[in-house]
Amino acid sequence: MRRLSRLLAIAAVGLALAAVWEGYKLIGQSIGPEGGPSWLPVATDDLTMPHTWDILAAFVEPVQRGRSETLAVFLLRSAWFTLREAALGFAIGAIVGLGLALIMLRSRFLDRGLVPWINISQTVPLIALAPIVVTWGRTTFLSDTQAVSLIAAYLTFFPVAVNGLAGLKSPDPASVELMRSYAASWWQTVIKLRLPAARAYLFPAFKLAATLSVVGAIVGEISAGVRGGLGRVILDFAGRYTTGPEKLYAAVVAAGLLGLFVFWLANLAERRAMRGRAVELS
Amino acid sequence: MESTTDATEPAVAIRGVVKVFGAGTDEALTAIDGIDLTIAPGEFVSLIGPSGCGKSTLLRLIADLLPLTGGEISVFGKSAEAGRVDQDYGMAFQSAGLFDWRTVAANIELPLELMGWSKADRRARSAEMLELVKLPEFGDRYPWQLSGGMQQRVAIARALAFRPRLLLMDEPFGALDEMTREHMQNELLAIVADLDTTVVFVTHSIPEAAFLSDRVVVLSPRPGRIHSIVDVPMQARTAELREHSEFFKTATEIREALRAVEATIPSAGAPEPSPSTGEAAE
(Lines give C-alpha, C1' and ligand atoms only; values in the text may rest on other atoms or scores of the structure.)
Protein backbone atom coordinates (compact mmCIF):
# COMPACT_ATOMS: atom_id res chain seq x y z
CA MET A 1 0.00 0.00 0.00
CA ARG A 2 2.77 2.40 0.96
CA ARG A 3 4.71 1.19 -2.02
CA LEU A 4 1.80 1.85 -4.34
CA SER A 5 1.18 5.34 -3.02
CA ARG A 6 4.87 6.11 -3.47
CA LEU A 7 4.78 4.95 -7.09
CA LEU A 8 1.68 7.05 -7.64
CA ALA A 9 3.42 10.11 -6.18
CA ILE A 10 6.43 9.59 -8.45
CA ALA A 11 4.18 9.18 -11.48
CA ALA A 12 2.20 12.30 -10.53
CA VAL A 13 5.36 14.43 -10.31
CA GLY A 14 6.55 12.98 -13.65
CA LEU A 15 3.26 13.92 -15.29
CA ALA A 16 3.42 17.38 -13.76
CA LEU A 17 6.92 17.91 -15.21
CA ALA A 18 5.68 16.77 -18.63
CA ALA A 19 2.75 19.18 -18.26
CA VAL A 20 5.14 22.06 -17.52
CA TRP A 21 7.12 21.18 -20.67
CA GLU A 22 4.03 21.04 -22.83
CA GLY A 23 2.49 24.10 -21.18
CA TYR A 24 5.62 26.16 -21.88
CA LYS A 25 5.52 25.00 -25.51
CA LEU A 26 1.84 25.81 -25.79
CA ILE A 27 2.20 29.33 -24.39
CA GLY A 28 5.21 30.12 -26.55
CA GLN A 29 3.54 28.92 -29.74
CA SER A 30 0.23 30.64 -29.05
CA ILE A 31 1.70 34.11 -28.57
CA GLY A 32 4.66 34.30 -30.88
CA PRO A 33 5.83 33.52 -34.39
CA GLU A 34 7.15 30.09 -35.26
CA GLY A 35 9.41 29.02 -32.33
CA GLY A 36 7.77 31.45 -29.94
CA PRO A 37 8.67 35.03 -29.05
CA SER A 38 12.38 35.80 -28.98
CA TRP A 39 12.38 36.81 -25.31
CA LEU A 40 11.73 33.22 -24.22
CA PRO A 41 14.94 31.54 -22.99
CA VAL A 42 14.31 28.41 -25.06
CA ALA A 43 12.52 28.35 -28.38
CA THR A 44 9.31 26.33 -28.35
CA ASP A 45 9.29 24.84 -31.85
CA ASP A 46 9.23 21.05 -32.29
CA LEU A 47 12.90 20.93 -33.27
CA THR A 48 14.13 22.57 -30.07
CA MET A 49 11.52 21.06 -27.79
CA PRO A 50 9.89 17.97 -29.24
CA HIS A 51 6.56 16.92 -27.78
CA THR A 52 6.83 14.52 -24.85
CA TRP A 53 4.64 12.03 -26.71
CA ASP A 54 6.93 12.22 -29.75
CA ILE A 55 9.89 11.37 -27.50
CA LEU A 56 7.97 8.41 -26.06
CA ALA A 57 6.86 7.31 -29.53
CA ALA A 58 10.46 7.40 -30.79
CA PHE A 59 11.30 4.49 -28.49
CA VAL A 60 9.13 2.07 -30.46
CA GLU A 61 10.06 3.36 -33.89
CA PRO A 62 12.97 1.85 -35.88
CA VAL A 63 16.28 3.30 -34.85
CA GLN A 64 17.08 4.07 -38.50
CA ARG A 65 15.09 3.97 -41.66
CA GLY A 66 15.37 0.50 -43.14
CA ARG A 67 16.38 -1.19 -39.87
CA SER A 68 14.02 -3.43 -38.00
CA GLU A 69 15.52 -2.75 -34.58
CA THR A 70 13.50 -0.28 -32.54
CA LEU A 71 15.16 2.63 -30.75
CA ALA A 72 14.25 1.09 -27.39
CA VAL A 73 16.09 -2.16 -28.15
CA PHE A 74 19.02 -0.24 -29.61
CA LEU A 75 19.28 1.92 -26.48
CA LEU A 76 18.96 -1.13 -24.25
CA ARG A 77 21.88 -2.75 -26.08
CA SER A 78 23.96 0.42 -25.77
CA ALA A 79 23.02 0.77 -22.09
CA TRP A 80 24.16 -2.81 -21.46
CA PHE A 81 27.51 -2.00 -23.07
CA THR A 82 27.89 1.12 -20.89
CA LEU A 83 26.68 -0.74 -17.80
CA ARG A 84 29.49 -3.30 -18.13
CA GLU A 85 32.10 -0.55 -18.36
CA ALA A 86 30.50 1.24 -15.41
CA ALA A 87 30.36 -1.97 -13.34
CA LEU A 88 34.07 -2.62 -13.84
CA GLY A 89 34.78 1.04 -13.05
CA PHE A 90 32.66 0.84 -9.91
CA ALA A 91 34.44 -2.31 -8.76
CA ILE A 92 37.89 -0.79 -9.34
CA GLY A 93 36.83 2.47 -7.66
CA ALA A 94 35.33 0.69 -4.65
CA ILE A 95 38.44 -1.45 -4.14
CA VAL A 96 40.84 1.46 -4.60
CA GLY A 97 38.68 3.72 -2.39
CA LEU A 98 38.45 1.18 0.39
CA GLY A 99 42.15 0.43 0.07
CA LEU A 100 42.99 4.13 0.42
CA ALA A 101 40.69 4.41 3.44
CA LEU A 102 42.49 1.48 5.11
CA ILE A 103 45.90 2.97 4.31
CA MET A 104 44.85 6.32 5.78
CA LEU A 105 43.46 4.53 8.85
CA ARG A 106 46.71 2.66 9.30
CA SER A 107 49.10 5.55 8.83
CA ARG A 108 48.55 8.92 10.43
CA PHE A 109 51.22 10.32 8.12
CA LEU A 110 49.38 9.22 4.99
CA ASP A 111 46.08 10.31 6.52
CA ARG A 112 47.45 13.84 6.61
CA GLY A 113 49.37 13.64 3.33
CA LEU A 114 46.86 11.87 1.11
CA VAL A 115 43.63 13.71 1.84
CA PRO A 116 44.52 16.94 -0.01
CA TRP A 117 45.61 14.95 -3.07
CA ILE A 118 42.42 12.94 -3.04
CA ASN A 119 40.44 16.18 -2.91
CA ILE A 120 42.48 17.76 -5.70
CA SER A 121 41.94 14.66 -7.84
CA GLN A 122 38.25 15.50 -8.06
CA THR A 123 38.80 19.08 -9.19
CA VAL A 124 40.49 17.95 -12.42
CA PRO A 125 37.80 17.99 -15.14
CA LEU A 126 37.05 14.47 -16.26
CA ILE A 127 36.86 15.62 -19.90
CA ALA A 128 40.50 16.78 -19.68
CA LEU A 129 41.66 13.59 -18.09
CA ALA A 130 39.87 11.08 -20.29
CA PRO A 131 42.02 11.44 -23.45
CA ILE A 132 45.18 11.03 -21.37
CA VAL A 133 43.89 7.81 -19.83
CA VAL A 134 42.88 6.49 -23.26
CA THR A 135 46.26 7.40 -24.76
CA TRP A 136 48.07 5.70 -21.91
CA GLY A 137 45.78 2.71 -22.21
CA ARG A 138 46.68 2.28 -25.87
CA THR A 139 50.38 2.07 -25.04
CA THR A 140 49.65 -0.86 -22.70
CA PHE A 141 47.50 -3.95 -22.78
CA LEU A 142 44.33 -1.99 -21.96
CA SER A 143 41.48 -1.92 -24.46
CA ASP A 144 39.63 1.36 -24.98
CA THR A 145 36.60 0.11 -23.05
CA GLN A 146 38.86 -0.82 -20.14
CA ALA A 147 40.29 2.68 -20.29
CA VAL A 148 36.72 3.99 -20.06
CA SER A 149 36.25 1.86 -16.95
CA LEU A 150 39.34 3.45 -15.45
CA ILE A 151 37.85 6.88 -16.12
CA ALA A 152 34.68 5.79 -14.33
CA ALA A 153 36.78 4.45 -11.46
CA TYR A 154 38.43 7.86 -11.15
CA LEU A 155 35.06 9.29 -10.17
CA THR A 156 33.89 6.41 -7.99
CA PHE A 157 36.88 5.90 -5.72
CA PHE A 158 36.44 9.32 -4.16
CA PRO A 159 33.19 8.96 -2.18
CA VAL A 160 34.20 5.43 -1.15
CA ALA A 161 37.57 6.62 0.18
CA VAL A 162 36.17 9.63 2.03
CA ASN A 163 33.12 7.95 3.55
CA GLY A 164 35.01 4.71 4.07
CA LEU A 165 37.61 6.44 6.21
CA ALA A 166 34.92 8.23 8.24
CA GLY A 167 33.15 4.89 8.71
CA LEU A 168 36.32 3.04 9.73
CA LYS A 169 36.94 5.73 12.32
CA SER A 170 33.32 5.72 13.54
CA PRO A 171 33.44 3.07 16.33
CA ASP A 172 33.31 4.65 19.78
CA PRO A 173 36.51 4.57 21.87
CA ALA A 174 35.00 2.00 24.26
CA SER A 175 34.59 -0.49 21.40
CA VAL A 176 38.18 0.07 20.30
CA GLU A 177 39.31 -0.41 23.92
CA LEU A 178 37.30 -3.60 24.08
CA MET A 179 39.12 -5.01 21.03
CA ARG A 180 42.41 -3.97 22.58
CA SER A 181 41.49 -5.70 25.82
CA TYR A 182 41.06 -8.87 23.76
CA ALA A 183 44.56 -8.31 22.37
CA ALA A 184 42.98 -8.23 18.90
CA SER A 185 45.34 -7.44 16.03
CA TRP A 186 44.90 -4.40 13.77
CA TRP A 187 43.33 -6.57 11.07
CA GLN A 188 41.05 -8.35 13.50
CA THR A 189 39.85 -4.97 14.73
CA VAL A 190 39.22 -3.90 11.14
CA ILE A 191 37.34 -7.08 10.24
CA LYS A 192 35.31 -7.53 13.42
CA LEU A 193 34.67 -3.92 14.38
CA ARG A 194 35.66 -1.18 11.95
CA LEU A 195 34.34 -2.60 8.68
CA PRO A 196 30.95 -3.65 10.07
CA ALA A 197 30.62 -0.24 11.71
CA ALA A 198 31.61 1.42 8.42
CA ARG A 199 28.73 -0.11 6.50
CA ALA A 200 26.39 2.71 7.47
CA TYR A 201 28.89 5.09 5.83
CA LEU A 202 29.94 2.90 2.91
CA PHE A 203 26.56 2.14 1.41
CA PRO A 204 25.53 5.76 0.86
CA ALA A 205 28.94 6.17 -0.81
CA PHE A 206 28.31 3.08 -2.95
CA LYS A 207 24.97 4.53 -4.06
CA LEU A 208 26.64 7.77 -5.10
CA ALA A 209 29.55 5.88 -6.68
CA ALA A 210 27.18 3.68 -8.68
CA THR A 211 25.54 6.65 -10.41
CA LEU A 212 28.92 8.35 -10.81
CA SER A 213 30.27 5.23 -12.52
CA VAL A 214 27.59 5.61 -15.21
CA VAL A 215 28.39 9.30 -15.63
CA GLY A 216 32.10 8.46 -15.84
CA ALA A 217 31.54 5.70 -18.40
CA ILE A 218 29.41 7.93 -20.65
CA VAL A 219 31.84 10.85 -20.47
CA GLY A 220 34.72 8.43 -21.01
CA GLU A 221 33.08 6.92 -24.09
CA ILE A 222 32.49 10.35 -25.57
CA SER A 223 36.06 11.53 -25.11
CA ALA A 224 37.68 8.21 -25.99
CA GLY A 225 35.48 7.74 -29.04
CA VAL A 226 34.47 4.26 -27.95
CA ARG A 227 31.63 2.76 -30.04
CA GLY A 228 28.77 0.68 -28.69
CA GLY A 229 27.74 2.54 -25.57
CA LEU A 230 25.32 5.30 -24.65
CA GLY A 231 28.03 7.95 -24.82
CA ARG A 232 28.63 7.37 -28.49
CA VAL A 233 24.89 7.15 -29.12
CA ILE A 234 24.37 10.56 -27.52
CA LEU A 235 27.19 11.97 -29.64
CA ASP A 236 25.74 10.47 -32.85
CA PHE A 237 22.18 11.60 -32.14
CA ALA A 238 23.43 15.08 -31.29
CA GLY A 239 25.18 15.17 -34.69
CA ARG A 240 21.96 14.22 -36.44
CA TYR A 241 19.75 16.35 -34.25
CA THR A 242 17.92 18.15 -37.05
CA THR A 243 16.63 14.92 -38.56
CA GLY A 244 15.34 13.49 -35.29
CA PRO A 245 15.63 15.60 -32.15
CA GLU A 246 13.41 13.24 -30.13
CA LYS A 247 16.07 10.49 -30.51
CA LEU A 248 18.61 12.54 -28.55
CA TYR A 249 16.03 13.17 -25.84
CA ALA A 250 15.25 9.47 -25.77
CA ALA A 251 18.97 8.65 -25.39
CA VAL A 252 19.25 11.13 -22.52
CA VAL A 253 16.23 9.51 -20.86
CA ALA A 254 17.92 6.12 -21.32
CA ALA A 255 21.11 7.40 -19.66
CA GLY A 256 19.05 8.71 -16.75
CA LEU A 257 17.24 5.41 -16.40
CA LEU A 258 20.55 3.54 -16.39
CA GLY A 259 21.75 5.74 -13.54
CA LEU A 260 18.51 5.07 -11.69
CA PHE A 261 18.92 1.34 -12.26
CA VAL A 262 22.42 1.15 -10.73
CA PHE A 263 21.26 3.30 -7.81
CA TRP A 264 18.44 0.84 -7.25
CA LEU A 265 20.92 -2.06 -7.35
CA ALA A 266 23.13 -0.38 -4.74
CA ASN A 267 20.07 0.33 -2.61
CA LEU A 268 19.09 -3.34 -2.81
CA ALA A 269 22.60 -4.38 -1.74
CA GLU A 270 22.43 -1.96 1.19
CA ARG A 271 19.15 -3.39 2.40
CA ARG A 272 20.53 -6.91 2.29
CA ALA A 273 23.75 -5.97 4.07
CA MET A 274 22.02 -3.93 6.77
CA ARG A 275 19.25 -6.45 7.41
CA GLY A 276 20.29 -7.04 11.00
CA ARG A 277 19.67 -3.46 12.00
CA ALA A 278 16.76 -2.61 9.76
CA VAL A 279 14.54 -1.55 12.67
CA GLU A 280 17.11 0.80 14.07
CA LEU A 281 17.76 2.50 10.74
CA SER A 282 14.17 3.11 9.75
CA MET B 1 59.62 -13.75 36.13
CA GLU B 2 57.73 -16.49 37.97
CA SER B 3 55.39 -18.37 35.71
CA THR B 4 53.66 -20.46 38.32
CA THR B 5 50.59 -19.15 40.08
CA ASP B 6 50.44 -20.23 43.69
CA ALA B 7 47.58 -19.54 46.05
CA THR B 8 49.33 -16.71 47.81
CA GLU B 9 50.17 -14.78 44.65
CA PRO B 10 48.03 -11.64 44.39
CA ALA B 11 45.55 -11.27 41.52
CA VAL B 12 46.62 -7.67 41.05
CA ALA B 13 49.67 -5.99 42.59
CA ILE B 14 49.97 -2.22 42.14
CA ARG B 15 53.21 -0.64 43.33
CA GLY B 16 54.00 3.07 43.28
CA VAL B 17 51.90 3.67 40.21
CA VAL B 18 52.00 7.13 38.64
CA LYS B 19 50.03 8.25 35.60
CA VAL B 20 50.57 11.61 33.93
CA PHE B 21 48.51 12.53 30.88
CA GLY B 22 50.39 14.63 28.34
CA ALA B 23 53.67 14.15 30.19
CA GLY B 24 56.31 16.66 29.11
CA THR B 25 53.82 19.17 27.73
CA ASP B 26 52.38 22.36 29.18
CA GLU B 27 49.13 20.60 29.82
CA ALA B 28 50.64 17.69 31.74
CA LEU B 29 48.06 16.39 34.18
CA THR B 30 48.90 14.01 36.98
CA ALA B 31 45.93 11.67 37.21
CA ILE B 32 47.46 9.21 39.66
CA ASP B 33 50.36 9.84 41.99
CA GLY B 34 51.78 6.89 43.87
CA ILE B 35 49.17 4.22 44.42
CA ASP B 36 49.96 0.92 46.14
CA LEU B 37 47.29 -1.74 46.28
CA THR B 38 47.29 -5.52 46.40
CA ILE B 39 44.20 -7.49 45.49
CA ALA B 40 43.93 -11.14 46.50
CA PRO B 41 42.47 -13.83 44.24
CA GLY B 42 38.71 -14.07 44.64
CA GLU B 43 38.48 -10.64 46.23
CA PHE B 44 35.87 -8.07 45.24
CA VAL B 45 37.42 -4.60 45.45
CA SER B 46 35.60 -1.38 44.63
CA LEU B 47 37.26 1.90 43.70
CA ILE B 48 35.23 4.92 44.75
CA GLY B 49 35.96 8.63 44.79
CA PRO B 50 34.95 12.00 43.38
CA SER B 51 35.43 12.92 39.73
CA GLY B 52 39.09 13.31 38.86
CA CYS B 53 40.35 10.81 41.43
CA GLY B 54 41.63 8.59 38.63
CA LYS B 55 39.58 5.50 39.41
CA SER B 56 38.77 4.78 35.77
CA THR B 57 42.36 5.55 34.85
CA LEU B 58 43.61 3.06 37.44
CA LEU B 59 41.29 0.42 36.02
CA ARG B 60 42.62 1.06 32.51
CA LEU B 61 46.19 0.85 33.75
CA ILE B 62 45.47 -2.59 35.21
CA ALA B 63 43.92 -3.50 31.85
CA ASP B 64 47.00 -2.21 30.00
CA LEU B 65 44.75 0.06 27.95
CA LEU B 66 46.89 3.02 29.03
CA PRO B 67 50.68 3.14 29.41
CA LEU B 68 52.09 3.62 32.90
CA THR B 69 54.15 6.71 33.66
CA GLY B 70 55.80 5.18 36.72
CA GLY B 71 55.62 2.24 39.10
CA GLU B 72 54.51 -1.22 38.18
CA ILE B 73 51.41 -3.34 37.94
CA SER B 74 51.35 -7.10 37.84
CA VAL B 75 48.37 -9.28 37.09
CA PHE B 76 48.68 -12.84 38.45
CA GLY B 77 52.41 -12.31 38.70
CA LYS B 78 52.82 -11.13 35.12
CA SER B 79 53.09 -7.66 33.65
CA ALA B 80 49.80 -5.93 32.86
CA GLU B 81 50.63 -6.23 29.17
CA ALA B 82 51.18 -9.98 29.43
CA GLY B 83 47.92 -10.15 31.36
CA ARG B 84 46.10 -8.44 28.52
CA VAL B 85 47.74 -10.50 25.80
CA ASP B 86 47.04 -13.72 27.74
CA GLN B 87 43.43 -12.63 28.26
CA ASP B 88 43.65 -12.84 32.02
CA TYR B 89 40.85 -10.35 32.46
CA GLY B 90 37.44 -9.54 31.06
CA MET B 91 36.12 -6.01 30.97
CA ALA B 92 32.72 -4.30 31.18
CA PHE B 93 32.04 -0.60 30.77
CA GLN B 94 29.21 1.75 31.67
CA SER B 95 27.81 1.53 28.17
CA ALA B 96 27.25 -2.11 27.37
CA GLY B 97 29.14 -1.52 24.12
CA LEU B 98 27.53 -4.41 22.28
CA PHE B 99 28.07 -4.52 18.51
CA ASP B 100 24.64 -3.82 17.08
CA TRP B 101 25.27 -5.81 13.87
CA ARG B 102 25.81 -8.97 15.92
CA THR B 103 23.15 -11.04 17.63
CA VAL B 104 23.32 -11.34 21.41
CA ALA B 105 24.96 -14.77 21.12
CA ALA B 106 27.45 -13.53 18.52
CA ASN B 107 28.37 -10.64 20.82
CA ILE B 108 29.15 -13.04 23.65
CA GLU B 109 31.15 -15.17 21.22
CA LEU B 110 33.28 -12.28 19.95
CA PRO B 111 36.24 -12.82 22.32
CA LEU B 112 36.04 -16.57 21.70
CA GLU B 113 36.14 -15.95 17.94
CA LEU B 114 39.27 -13.85 18.36
CA MET B 115 40.82 -16.64 20.41
CA GLY B 116 40.14 -19.12 17.63
CA TRP B 117 37.52 -21.30 19.28
CA SER B 118 35.54 -23.64 17.03
CA LYS B 119 31.98 -22.72 16.16
CA ALA B 120 30.51 -25.58 18.15
CA ASP B 121 32.50 -24.66 21.26
CA ARG B 122 31.49 -21.02 20.89
CA ARG B 123 27.84 -21.92 20.57
CA ALA B 124 27.99 -24.13 23.63
CA ARG B 125 29.71 -21.48 25.71
CA SER B 126 27.43 -18.61 24.68
CA ALA B 127 24.39 -20.75 25.48
CA GLU B 128 25.92 -21.50 28.86
CA MET B 129 26.66 -17.82 29.52
CA LEU B 130 23.14 -16.78 28.47
CA GLU B 131 21.83 -19.31 30.97
CA LEU B 132 24.10 -17.81 33.63
CA VAL B 133 22.89 -14.24 33.06
CA LYS B 134 19.29 -15.47 32.83
CA LEU B 135 18.69 -14.60 29.19
CA PRO B 136 18.49 -18.10 27.69
CA GLU B 137 15.95 -17.27 24.97
CA PHE B 138 17.62 -14.09 23.78
CA GLY B 139 20.60 -15.45 21.84
CA ASP B 140 19.13 -14.70 18.42
CA ARG B 141 17.97 -11.19 19.27
CA TYR B 142 19.86 -8.05 18.41
CA PRO B 143 21.14 -5.71 21.15
CA TRP B 144 18.68 -2.93 20.29
CA GLN B 145 15.83 -5.31 20.97
CA LEU B 146 16.93 -5.56 24.62
CA SER B 147 16.44 -3.25 27.60
CA GLY B 148 19.43 -1.47 29.14
CA GLY B 149 19.65 -3.94 32.01
CA MET B 150 19.52 -6.90 29.64
CA GLN B 151 22.24 -5.35 27.45
CA GLN B 152 24.44 -4.94 30.49
CA ARG B 153 23.92 -8.59 31.41
CA VAL B 154 25.00 -9.56 27.90
CA ALA B 155 28.10 -7.38 28.33
CA ILE B 156 28.92 -9.24 31.56
CA ALA B 157 28.37 -12.56 29.81
CA ARG B 158 30.76 -11.40 27.07
CA ALA B 159 33.36 -10.29 29.62
CA LEU B 160 33.23 -13.66 31.36
CA ALA B 161 32.74 -15.88 28.30
CA PHE B 162 36.34 -17.06 28.25
CA ARG B 163 36.40 -17.51 32.04
CA PRO B 164 38.98 -14.89 32.90
CA ARG B 165 40.22 -14.98 36.48
CA LEU B 166 39.83 -11.23 36.76
CA LEU B 167 36.88 -9.01 35.90
CA LEU B 168 37.40 -5.26 35.49
CA MET B 169 34.22 -3.17 35.59
CA ASP B 170 33.87 0.56 35.04
CA GLU B 171 30.53 1.73 36.48
CA PRO B 172 28.73 -1.08 34.67
CA PHE B 173 25.38 -0.32 36.32
CA GLY B 174 25.70 3.46 36.25
CA ALA B 175 23.06 3.93 33.56
CA LEU B 176 20.47 1.61 35.10
CA ASP B 177 17.49 2.51 37.27
CA GLU B 178 17.73 1.73 40.98
CA MET B 179 15.68 -1.47 41.02
CA THR B 180 17.40 -2.96 37.98
CA ARG B 181 20.69 -1.96 39.49
CA GLU B 182 20.10 -3.82 42.76
CA HIS B 183 18.91 -6.82 40.83
CA MET B 184 22.03 -6.77 38.66
CA GLN B 185 24.25 -6.46 41.74
CA ASN B 186 22.72 -9.62 43.22
CA GLU B 187 23.23 -11.46 39.95
CA LEU B 188 26.79 -10.26 39.54
CA LEU B 189 27.70 -11.58 43.00
CA ALA B 190 26.15 -14.95 42.21
CA ILE B 191 28.00 -15.18 38.90
CA VAL B 192 31.44 -14.21 40.17
CA ALA B 193 31.02 -16.53 43.17
CA ASP B 194 30.08 -19.29 40.74
CA LEU B 195 33.13 -18.71 38.54
CA ASP B 196 35.47 -17.73 41.41
CA THR B 197 36.39 -14.45 39.72
CA THR B 198 38.38 -11.58 41.21
CA VAL B 199 36.62 -8.26 40.58
CA VAL B 200 37.88 -4.68 40.45
CA PHE B 201 34.82 -2.46 40.32
CA VAL B 202 34.72 1.30 39.70
CA THR B 203 31.61 3.00 41.04
CA HIS B 204 30.12 6.32 42.10
CA SER B 205 27.56 4.69 44.35
CA ILE B 206 28.17 4.24 48.08
CA PRO B 207 25.46 1.57 48.61
CA GLU B 208 26.74 -0.30 45.56
CA ALA B 209 30.29 -0.35 46.91
CA ALA B 210 29.09 -1.29 50.41
CA PHE B 211 26.93 -4.11 49.16
CA LEU B 212 29.26 -5.71 46.63
CA SER B 213 32.74 -5.37 48.01
CA ASP B 214 35.12 -7.13 50.33
CA ARG B 215 37.13 -3.92 50.42
CA VAL B 216 36.31 -0.40 49.27
CA VAL B 217 39.22 1.76 48.18
CA VAL B 218 38.42 5.46 48.66
CA LEU B 219 40.47 7.67 46.34
CA SER B 220 41.17 11.38 46.60
CA PRO B 221 41.45 13.54 43.50
CA ARG B 222 44.05 15.68 41.73
CA PRO B 223 46.31 13.83 41.84
CA GLY B 224 44.62 10.49 42.49
CA ARG B 225 45.80 8.84 45.69
CA ILE B 226 44.39 6.28 48.08
CA HIS B 227 42.71 8.12 50.92
CA SER B 228 41.63 5.09 52.91
CA ILE B 229 40.49 1.51 52.53
CA VAL B 230 37.23 0.39 54.14
CA ASP B 231 37.06 -3.28 55.07
CA VAL B 232 33.61 -4.73 54.70
CA PRO B 233 32.82 -7.42 57.29
CA MET B 234 32.30 -10.91 55.94
CA GLN B 235 28.62 -11.69 55.67
CA ALA B 236 26.09 -13.28 53.40
CA ARG B 237 25.37 -10.83 50.58
CA THR B 238 21.68 -11.42 50.17
CA ALA B 239 18.93 -8.96 49.37
CA GLU B 240 18.19 -8.79 53.12
CA LEU B 241 21.64 -7.37 53.76
CA ARG B 242 20.53 -4.08 52.21
CA GLU B 243 18.26 -3.53 55.22
CA HIS B 244 20.75 -4.78 57.76
CA SER B 245 22.51 -2.46 60.22
CA GLU B 246 25.95 -3.81 59.23
CA PHE B 247 25.31 -2.62 55.70
CA PHE B 248 24.43 0.89 56.89
CA LYS B 249 27.48 0.94 59.10
CA THR B 250 29.71 0.15 56.12
CA ALA B 251 27.94 2.70 53.94
CA THR B 252 28.37 5.34 56.65
CA GLU B 253 32.05 4.55 56.92
CA ILE B 254 32.51 4.99 53.16
CA ARG B 255 30.44 8.17 53.18
CA GLU B 256 32.54 9.69 55.95
CA ALA B 257 35.73 8.81 54.08
CA LEU B 258 34.34 10.48 50.97
CA ARG B 259 33.36 13.57 52.98
CA ALA B 260 36.88 13.78 54.31
CA VAL B 261 38.15 13.54 50.72
CA GLU B 262 35.76 16.24 49.49
CA ALA B 263 36.93 18.52 52.29
CA THR B 264 40.46 18.38 50.91
CA ILE B 265 39.40 19.57 47.44
CA PRO B 266 40.10 23.29 47.18
CA SER B 267 37.53 23.93 44.48
CA ALA B 268 35.52 22.00 41.99
CA GLY B 269 37.89 22.84 39.17
CA ALA B 270 39.02 21.07 36.03
CA PRO B 271 37.00 18.10 34.87
CA GLU B 272 38.33 14.57 35.07
CA PRO B 273 40.51 13.71 32.08
CA SER B 274 38.54 11.20 30.10
CA PRO B 275 40.80 8.19 29.65
CA SER B 276 38.56 6.63 27.03
CA THR B 277 38.98 9.59 24.71
CA GLY B 278 42.64 10.18 25.50
CA GLU B 279 45.58 7.95 24.84
CA ALA B 280 43.44 4.84 24.96
CA ALA B 281 41.87 5.76 21.66
CA GLU B 282 45.16 5.39 19.85
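A, B, ... follow the sequence lines: proteins, then strands. Residue 1 opens every chain. Note that the structure is a prediction, hence the values are computed from the model and not measured.
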Inset, instruction - Measure distances from B/Leu168 to the heavy atoms of chain A and classify the residue's part below 4.5 Å as side chain, backbone, both or neither. - result: neither
Legend entry - Face-on cation placement of A/Lys207 at A/Phe203 ring, 6.0 Å and 45° thresholds: no
Inset, instruction - Please say whether the positively charged group of B/Arg165, taken as NZ for Lys or CZ for Arg, lies over the ring of B/Tyr89, i.e. under 6.0 angstrom from the six-membered ring centre and within 45 degrees of the axis. - result: no
Legend entry - Region of A/Ile191 in contact with chain B, defined by heavy-atom distances below 4.5 Å: neither
Legend entry - Largest heavy-atom contact set with chain A, pairs under 4.5 Å, which of B/Glu81, B/Met115, B/Met91, B/Glu113: B/Glu113
Legend entry - Carboxylate-amine/guanidinium contact A/Glu270 A/Arg199, below 4.0 Å: no
Inset, instruction - Verify, without hydrogens or angle tests, whether B/Gln94 (side chain) and B/Asp170 (backbone) share a donor-acceptor contact under 3.5 angstrom. - result: no
Legend entry - Option that, when pairs with chain B are counted at under 4.5 Å, heavy atom only, ranks first among A/Lys192, A/Met179, A/Gln188: A/Lys192
